[in-house]
Amino acid sequence: MATLWTLHGDGKTIRPDTVVAPDERLSWPRTIGIGAQHVVAMFGATFLVPLLTHFPPSTTLLFSGIGTIGFLLITRNRLPSYLGSSFAFIAPITAATAGHGMGGALFGILAVGILLAIVGGIVVLTGTGWIDALMPPVVAGAIVALIGFNLAPTAVSNFSTSPLVAIVTLAAIILCTVLFRGMLGRMSIFVGVVIGYLAAVLLGVVDFAPVAKAAWIGLPTFSLPGNPFADASLWGLLPVFLPVVLVLIAENVGHIRAVAQMTGRDVNVLTGRALFADGLATTLAGLFGGSGTTTYGENIGVMAATKVYSTAAYWVAGAVAILLGLSPKVGAVLNTIPSGVLGGATLALYGLIGVVGIKIWLDNRVDFSKPKNQFTAAVALVIGVGNLTWVIGNPKGGIQLSGIVLGTIAAIVIYHLMNAIGRLRGTD
């Protein structure tokens, strides 16, 4: 594995017609500065997930940093990416925690990580053709969209706890997006949360007592997953979590294609390694109390803005995240963010997740004049938005399939069934 980077030019300037490639770097002070930008870019979304799911933020930050460094090692230092908390886990974690506590949620995260790592190993051996066949753009877009829209009730619930603070937060996010250019505009959600938090402080709804008691340096809170062999009911959580694997595959593949397009490097051959690395990072997080991870689009924005795709910057970002995770004081500050602030942020954020799914359709020019595409999207979205639930077996102890699960199954089955029959009958 390459452990050194070639200095790009003089290490100070980037010509308009070039980019800093993954195996290059600028001078170390500049590389550290860009790494710090990656930390800021990932931070807003990465700490929001544990706050929304009531996981320890410091633990999640620690394992996101460890996962990022592991990702760089496994992909041979050739694929620039930050592994932050995945929003796809929010709904299943919330459902699992309500019935089985944190141990149940961690078991689900662990299962997703193991399956994703297995998928990565298969892709290393067979290539990505079968993934493209299983999840064509109309299916991938529907799955991503329904996950975002399925979370709408949670956003509305948080918003309702403190409407004034939530409105300030939401307005700040929207205004920051259109008022500022470059990085500040890209970090609108992070900036909006900061402004909303300041508004909450002025209104006297923030309790700083836990912050004063927290130590500056120390290990975060670790937790273990539930044992399904001791509690058989945990197996019933798998249908809720496993569809998340499809989302993580779509996010990783999309990230890799974006990097390949922007750098001109053939990093698509690293898809299997990337999936395996993300699976391993998610498994490690699930074993000790962190949230599941995914490649971060926020950091794609940093690379596009700076034209620096150096993996050296991501080593810096991963190291900083680990240091932040080892500060209980940071975790205590994050835990003081009130639900009203989260409500304002998630009202936009969850909607944006849904819009990302729609963007997948637009980018791939999905033809919605075809019935197979119409029904695939229509049925999956209504199931997800309405959170259609189906309990198999005993109503109290049976397997509960949520809207995300059923919507995912519907998208895959409807598309492939209609496609097969249409070709057979010549009606496609």
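Throughout, residue positions are numbered sequentially from 1 according to the sequence presented.
- Side-chain atoms of Lys329 never come within 3.5 Å of backbone atoms of Ile217 as a donor-acceptor pair (strictly under, hydrogens ignored).
- Ser162 contributes no side-chain N or O that, together with a main-chain N or O of Leu164, makes up a donor-acceptor pair within less than 3.5 Å.
- Taking the side-chain contact (heavy atoms from CB on, under 4.5 Å) definition, one finds that Val201 meets it with Tyr197, Val206, Phe208, sequence neighbours left out.
- Under the side-chain contact (heavy atoms from CB on, under 4.5 Å) criterion, Ala117 pairs with Phe276, sequence neighbours left out.
- Ser327 places no side-chain N or O within 3.5 Å of a backbone atom of Leu324 that could act as its donor or acceptor partner.
- Asp363 pairs by the salt bridge (charged side-chain N to carboxylate O under 4.0 Å, His left out) definition with Lys359, not counting sequence neighbours.
- The side-chain heavy atoms of Leu224 and Met102, taken from C-beta on, include no pair separated by under 4.5 Å.
- Remark: side-chain polar atoms of Thr282 are not paired, donor with acceptor, to backbone N or O of Gly279 under 3.5 angstrom.
- Counting only distance, with no hydrogens or angles, the side chain of Thr68 and the backbone of Leu83 share a donor-acceptor pair below 3.5 Å.
- Residues passing the side-chain hydrogen bond (donor to acceptor under 3.5 Å, both in side chains) test with Thr169: none are found, sequence neighbours excluded.
- Partners of Thr311 according to the side-chain contact (heavy atoms from CB on, under 4.5 Å) rule, which considers only residues two or more places apart in sequence or in another chain, are Trp5, Pro22, Leu72, Asn77, Pro80.
- Take Ser27 and apply the side-chain hydrogen bond (donor to acceptor under 3.5 Å, both in side chains) test, not counting sequence neighbours, and it matches Arg30.
- With sequence neighbours left out, Ser58 forms a side-chain hydrogen bond (donor to acceptor under 3.5 Å, both in side chains) with no residue at all.
- For Phe368, the ring pair (Phe, Tyr, Trp, His ring centres under 6.0 Å) criterion is met by Trp361, not counting sequence neighbours.
- To the nearest 0.5 Å, the span separating CZ on Phe63 from OG1 on Thr46 amounts to 14.5 Å.
- For Tyr314, the ring pair (Phe, Tyr, Trp, His ring centres under 6.0 Å) partners are His38, not counting sequence neighbours.
- In this structure, the side chains of Ile383 and Leu146 stay at 4.5 Å or more apart for every pair of heavy atoms.
- The side-chain hydrogen bond (donor to acceptor under 3.5 Å, both in side chains) search around Tyr415 returns none, not counting sequence neighbours.
- Shown here are the side-chain contact (heavy atoms from CB on, under 4.5 Å) partners of Leu116, two or more places apart in sequence or in another chain: Val245, Leu248, Ile249, Leu275, Asp278.
- Thr97 contributes no side-chain N or O that, together with a main-chain N or O of Thr94, makes up a donor-acceptor pair within less than 3.5 Å.
- Residues that satisfy the ring pair (Phe, Tyr, Trp, His ring centres under 6.0 Å) test with Phe107, not counting sequence neighbours, are Trp235.
- Counting all heavy atoms, side chain and backbone alike, Ala274 lies closest to Ile256 at CB-CD1, 3.6 Å.
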